[in-house]
Asker: 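Encoded as structure tokens, here's the structure I'll be asking about.
Quick caveat: nothing in here was measured; it's all calculated off a predicted structure. Naming: A, B, ... by sequence-line order, numbering from 1 per chain.
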Amino acid sequence: MQNSSRLALYHYWVAFAVFLPAVVLGAWQMLIRSPLPAPLDDPDAYYASVTLHGTAMAYVVTTFFAMGFGYAVTATSLGRPVRGVAAAWICFVICLIGTLMAVAAVLAGHASVLYTFYPPLLASSWYYGGAFLLIGGSMIWVVLMIYNMTSWKRDNPGQPVPLAMFAITATAILWAWAASGVLVELVGILLPRSLGLTTEIDAGLARTLFSVTLHAIVYFWLMPAYIAFYTLLPQAAGGRLYSDTMGRLTFIMFIIFSVPVGMHHLFADPEHGAGMKFLQSFLTFFVALPTLLTVFSICASLEIAGRARGGRGLLGWIPALPWGEPMVLATGLSLVMLGLGGFGGLINMGYAMNSMIHNTSWVTAHFHMIFGGAVVIMYFAIAYEMWPRITGKPLQSKALARWQLWLWFAGMMIASIPWHITGLMGQPRRVAAFDYSDPFVARMGPLVIISVIGGAILLVSAILLIVILVRSQLGERRLEAPLRYALAVNPPKTVPAALNGFALWNAILLVLMVFAYGYPIGQFFILKSKVPAYEVSGPTNSAGGR
Amino acid sequence: MATDEFHHSAAARPEHVAAPIGSEEAVAALRNGPVGALVVASIAVALLFLGWLAFYFLLFIPRGSVG
Amino acid sequence: MARDQGAFRLHNPWPKIAWGMVALLVVVSTVLGFGVLSRYQQNGPTLDLWNAICRGLGLSADTAPAKEPVPALRTPTRIAWTSNTLDQIAAGDAQRGAFIAMNCIACHGQGGVSTSTLIPTLAGMDPAVIYKQLDDYRSGKRLWGVMGAIGKVVSAQDSADVAAYFAVQSHGLPPLRGYRLPESGRSLREPDPAKRLVYAGDPQRGIPPCSACHGPGGYKLGAPALQGQHADYIERQLAAFAQGIRQNDIFEQMRMIAKQLTPDEMHAVAAFYGARGGAPSAAGVAVR
Amino acid sequence: MAETETNPLRRPLPDGVVPEEEITRTEDHWLAIMLGVLGVMMGVMVVSAATNALHPPSNVETIDPATLHLGGEFAESNLGTAIEPDGSVTVRIIAEQYDFIPNCAQVPVDTPVKFRLTSPDVIHGFLLPATNVNTMVVPGFVAEVRTSFSRVGVYNMPCNEFCGNGHHGMWARVEVVSKERFPRLAATERTSCAKQ
């Protein structure tokens with residue numbers, strides 16, 4: 001168990017150590033594109049910074065956090081040490097090397113292509129290589145999660161896999177499906193071109209492959225938060241999980257519906273027909289379903305807790321909840337942001353309606369609300385829940401943790417809501433500088449300034465997070481507090497095989513993927529759409545980079 | 001799977017820990033079904049739904065037809 | 001199996017239900033997407049089922065040539081950045097180029113470092129730029145006195161060779177790179193108009209930052225580095241683009257930008273570039 | 001948040017007190033309602049898309065990005081606004097690092113407009129704020145958006161997809177003018193409101 005704990009702790013520390021500088025970059029980016037004076041106001045620095053911010057937040061923080069969380073959940077929910085610890089450490093080192101490579105390439109100015117890559121813009125092969133090591137390396141973790149679950153099932157025949165373990169394995173499987181797109185793009189298109197092995201890039205194909213990743217990756221980020229909702233929150237609130245079965249079903253639905261829907265990120269792209277776009281828009285509606293189910297299940301679980309704590313009447317259970325618990329507070333704040341972000345998502349996926357907001361600040365606002373808000377705030381809560389368990393040192397302190405969560409919530413709301421509005425007004429995203437003397441842009445000025453204030457609050461909150469974690473880490477070891485998961489109202493004694501494993505769901509997803517992506521990817525073998533690449537760091541030698 | 005232990009959470013002292021729920025409380029809480037949860041979740045979904053319709057017909061459609 | 005019912009109550013229901021639902025999703029979305037929605041076209045006739053399916057898949061596109069009369073074709077250059085062209089440029093032989101370049105040094109200076117402020121320095125210039133300009137002189141797309149006649153006597157291979165030679169000469173233009181160290185004052189907040197135009201452009205007039213293509217910290221295929229180039233030469237070229245005297249820029253990009261610039265701005269931008277980069281022949285460089 | 005300090009050791013819930021069937025039934029009802037809500041939204045979307053012919057811009061058409069300027073539809077002499085024989089207009093625009101060409105396009109109001117754009121280099125984005133005109137411009141493909149404008153006015157036209165270090169300088173305009181003001185000249189010659 002010691003080794004499993006150390007494994008989790010190292011992953012968490014990498015995640016949060018990357019998190020803080022990435023928040024600093026984010027706050028500065030908001031400043032440079034505002035009407036306010038900004039230090040180092042150089043557009044090149046902005047684009048490099050956006051690349052670094054996105055790479056850090058989307059790939060590094062999330063992957064390391066999910067991996068650490070996975071090891072912790074495996075050890076605690078199965079009640080035995082993680083199997084394959086050596087492989088886990090190798091995975092850790094590979095991912096760390098990949099991170100350093102990618103970060104170095106961006107800092108050197110050779111990779112300002114943003115974390116979504118945007119071929120035919122071409123970055124240095126160090127950047128793609130780093131991304132490949134990080135994402136590809138995390139596949140070792142995927143295998144380890146599946147291995148730990150199946151070996152436990154073998155040792156405990158007929159027993160239901162604990163919901164937490166079932167869910168983290170679902171996360172791993174989802175990540176494997178999600179990462180397949182970007183890994184194929186990296187290995188098949190970007191790395192060969194950046195190494196000079198090929199001369200051209202199929203931008204349409206590359207975008208299509210990336211879209212396989214682009215939506216599902218958000219659910220990969222989201223899953224630890226949902227696992228906390230289902231397995232940690234009811235316990236922290238002092239209640240019971242309303243339905244174990246619904247929890248399993250929710251995670252299964254996430255696997256099935258979060259991958260074959262990525263084309264809603266390509267609604268505005270010219271390389272796909274409207275019919276294929278509608279298919280995936282249709283499927284995207286169903287990815288809202290598990291979240292809508294979760295909202296009810298979580299409310300019901302909280303109601304049980306609130307009523308047990310003396311809450312009376314229709315809504316009296318809400319004030320009766322232990323809001324002083326970071327996990328409970330974070331969930332409340334998270335659900336508010338999830339509601340707003342989910343609302344934005346329902347707009348984005350609405351087929352033609354996507355045209356209203358595509359690539360405007362609305363989109364930035366949407367995924368900051370979902371990921372930067374609803375998900376990350378649960379990462380904080382998980383960290384606060386886990387740190388005392390892993391280190392045996394008490395949290396320093398709970399009051400500070402509450403401040404930190406509230407500040408993060410306030411900062412994200414103040415930053416994101418004005419973005420939604422400027423997006424509707426037509427503000428393009430990822431722009432280094434706006435000309436506020438233009439009347440069209442000037443109207444957005446006050447809103448942009450408000451969101452800068454939100455960014456500053458987020459920065460304060462991120463610093464506070466690190467302060468809390470460091471102080472807790474430096475405290476004295478005096479706790480023996482094993483992690484306990486929430487008990488369902490009716491703890492499962494047996495569950496059908498379909499809800500105790502993933503074979504059926506993987507088969508279904510494969511069919512759906514062929515249906516949704518078979519033609520869109522296959523068409524590029526017929527279309528003549530290869531184009532030259534454009535190296536962002538300039539020609540590697542003379543004559544146009546050749 | 002046992003609950004016959006004190007509940008632990010991110011707290012330093014036992015008095016900061018939420019009390020665990022017992023069988024009787026759970027039964028009592030669920031006697032009428034999770035009505036409060038249904039109300040809260042329904043209001044949230046209704047707002048989402050009405051907001052979506054408002055955006056569709058008051059913002060998106062007036063901005064003109066494209067295809 | 002007392003607790004196996006899950007969301008629906010059927011005996012051993014999961015695979016059956018799951019596959020049934022998937023089939024339903026596939027059928028409904030296909031019918032709606034291809035059978036219904038794809039039939040209706042914005043500003044166009046409603047299609048029959050077969051055409052709707054083709055349209056929905058993206059097999060048939062709106063590619064029919066427009067029926068309106070097409071103005072006489074006007075092209076800025078014969079050069080296109082195809083892989084053939086780039087291969088030809090990359091195959092340039094700098095040693096052979098050195099012999100050809102002996103004909104150039106009378107005007108363009110020893111090693112391509114020009115001493116005349118109206119004649120560009122070629123040392124360090126991207127070979128693709130030299131190659132394209134020589135071809136434009138050859139084809140008459142760029143008209144400039146004696147260069148037209150010279151262009152006619154050098155072959156495409158000669159152009160590639162001489163471009164390769166000048167590209168590797170030092171003491172001229174710095175190499176173009178897509179990155180630079182960040183520095184304050186390179187945004188639209190900058191009061192100095194030259195620095196502002198070079199690093200931030202003027203979005204309201206559709207003027208992108210010069211530096212994004214011409215450096216520092218920018219690169220675009222076919223765009224020359226301007227740091228260290230003679231200010232007088234830059235200013236004269238900007239004026240030529242603005243007046244339509246020079247028209248060999250692909251997609252009239254420089255013509256469009258130069259037309260937006262005032263004479264003062266042209267002078268300031270030219271001086272900004274001329275004053276930087278530290279070409280040894282700093283003669284005639286205006287200080288901003 | 002006063003705790004009940006008794007905290008007795010608890011036993012799991014006895015079987016059948018709150019039957020799983022009941023929980024499942026509640027969840028099933030919720031699931032059905034949610035499917036209904038999503039179904040209504042989908043219905044709204046499909047019906048309005050069919051009646052108004054609303055689509056995301058999806059004209060799959062390939063083109064060689066390197067030779068656009070040498071001839072054909074996107075040669076510089078053919079960029080700008082053209083009047084079709086049926087009275088509708090076609091606007092051809094090049095999006096390249098870091099400009100739209102022409103950087104000001106003129107179109108008549110209440111007239112079917114077809115924007116056709118392509119890129120000779122990298123990916124760009126074409127957006128007219130306050131309208132639903134919004135498409136990616138991917139090299140190798142011709143992006144097409146069909147619409148008509150109901151309001152006269154000047155629309156800013158920022159590039160909305162990161163295209164390199166000059167991205168922030170890539171702004172242009174579309175001027176929607178009354179039918180009377182729209183020059184008849186466009187029938188034979190391409191027009192734009194870019195400075196000539």
Asker: Pick from D:P112, D:A172, D:S77: which one has the most heavy-atom pairs with chain C under 4.5 Å?
Answerer: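 Of D:P112, D:A172, D:S77, D:S77 has the most heavy-atom pairs under 4.5 Å with chain C.
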Asker: Would you mind checking which part of D:Q97 comes under 4.5 Å of any heavy atom in chain C, side chain (CB onward), backbone (N, CA, C, O), both or neither?
Answerer: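 Both backbone and side chain.
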Asker: Taking C-beta and beyond as the side chain, do D:N78 and C:R74 meet within less than 4.5 Å on heavy atoms?
Answerer: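 Heavy-atom side-chain distance check fails, nothing below 4.5 Å.
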Asker: If you round to the nearest 0.5 Å, how far is CE of D:M45 from CG of C:L32?
Answerer: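 Spacing of CG (C:L32) from CE (D:M45) equals 9.0 Å.
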Asker: Are any of the side-chain heavy atoms of D:H168 and C:L188 separated by less than 4.5 Å?
Answerer: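 Counting from C-beta outward, D:H168 and C:L188 never come under 4.5 Å.
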Asker: Among D:M42, D:H69, D:R146, who wins on heavy-atom pairs under 4.5 Å with chain C?
Answerer: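 Most heavy-atom pairs under 4.5 Å with chain C: D:H69.
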Asker: With rounding to the nearest 0.5 Å, note down the distance linking CZ in C:R205 to CZ in D:R173.
Answerer: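 One gets 11.0 Å once the value is rounded to the nearest 0.5 Å.
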Asker: Between C:T77 and chain D, which part of the residue has a heavy atom less than 4.5 Å away: side chain, backbone, both or neither?
Answerer: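 Its backbone and side chain both get close to chain D.
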Asker: Can you tell which of D:H167, D:E96, D:M157 has the highest number of heavy-atom pairs within less than 4.5 Å of chain C?
Answerer: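 Of the options given, most contacts go to D:E96.
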Asker: Work out which heavy atom in D:I101 is nearest to a heavy atom in C:E252; give both atom names and the distance.
Answerer: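 Smallest heavy-atom distance, with atoms named: CG2-CG, 4.1 Å.
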Asker: Can you tell if the side chain of D:K114 reaches within under 4.5 Å of the side chain of C:N43, non-hydrogen atoms only?
Answerer: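 No. Closest side-chain heavy atoms not under 4.5 Å.
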Asker: Any chance you could measure D:N165, atom CG, to C:R180, atom CZ, to the nearest 0.5 Å?
Answerer: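 So the CG of D:N165 and the CZ of C:R180 are separated by 7.0 Å.
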Asker: Just so I understand: if I count every heavy-atom pair under 4.5 Å between each of D:V142, D:T67, D:N52, D:L70 and chain C, which residue has the most?
Answerer: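 Heavy-atom pair counts peak at D:L70.
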Asker: With only heavy atoms counted, which part of C:A72 is less than 4.5 Å from chain D, the side chain, the backbone, both or neither?
Answerer: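 Backbone of C:A72 only, per the 4.5 Å heavy-atom cut-off to chain D.
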Asker: In Å and rounded to the nearest 0.5 Å, what is the OH to OG1 distance from C:Y40 to D:T51?
Answerer: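 OG1 of D:T51 is found 9.0 Å from OH of C:Y40.
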Asker: Please name the pair of heavy atoms, one in C:K220 and one in D:D121, separated by the smallest distance, quoted to 0.1 Å.
Answerer: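 It is NZ-OD2, 4.0 Å.
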Asker: Closest approach of C:L37 and D:H55, non-hydrogen atoms and distance?
Answerer: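 Heavy atoms of C:L37 and D:H55 come nearest at O-CE1, 3.0 Å.
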Asker: Do any N or O atoms from the side chain of C:Q42 and from the backbone of D:P57 form a donor-acceptor pair under 3.5 angstrom?
Answerer: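 Checking the backbone N and O of D:P57 against the side chain of C:Q42, no donor-acceptor pair under 3.5 Å is found.
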Asker: Which atoms of D:P65 are under 4.5 Å from chain C, going by heavy atoms: the side chain, the backbone, both sets, or neither?
Answerer: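 Neither; nothing under 4.5 Å.
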Asker: I'd like to know which of C:L57, C:I257, C:I79, C:D202 tops the heavy-atom pair count under 4.5 Å against chain D.
Answerer: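 Of the candidates given, the most pairs with chain D belong to C:I79.
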Asker: Any side-chain heavy-atom pair from D:E76 and C:R255 closer than 4.5 angstrom?
Answerer: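 When only atoms from C-beta onward are counted, C:R255 and D:E76 do touch, with a gap below 4.5 Å.
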Asker: Any side-chain heavy-atom pair from D:L68 and C:F251 closer than 4.5 angstrom?
Answerer: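 The answer is yes; the side chains approach within 4.5 Å.
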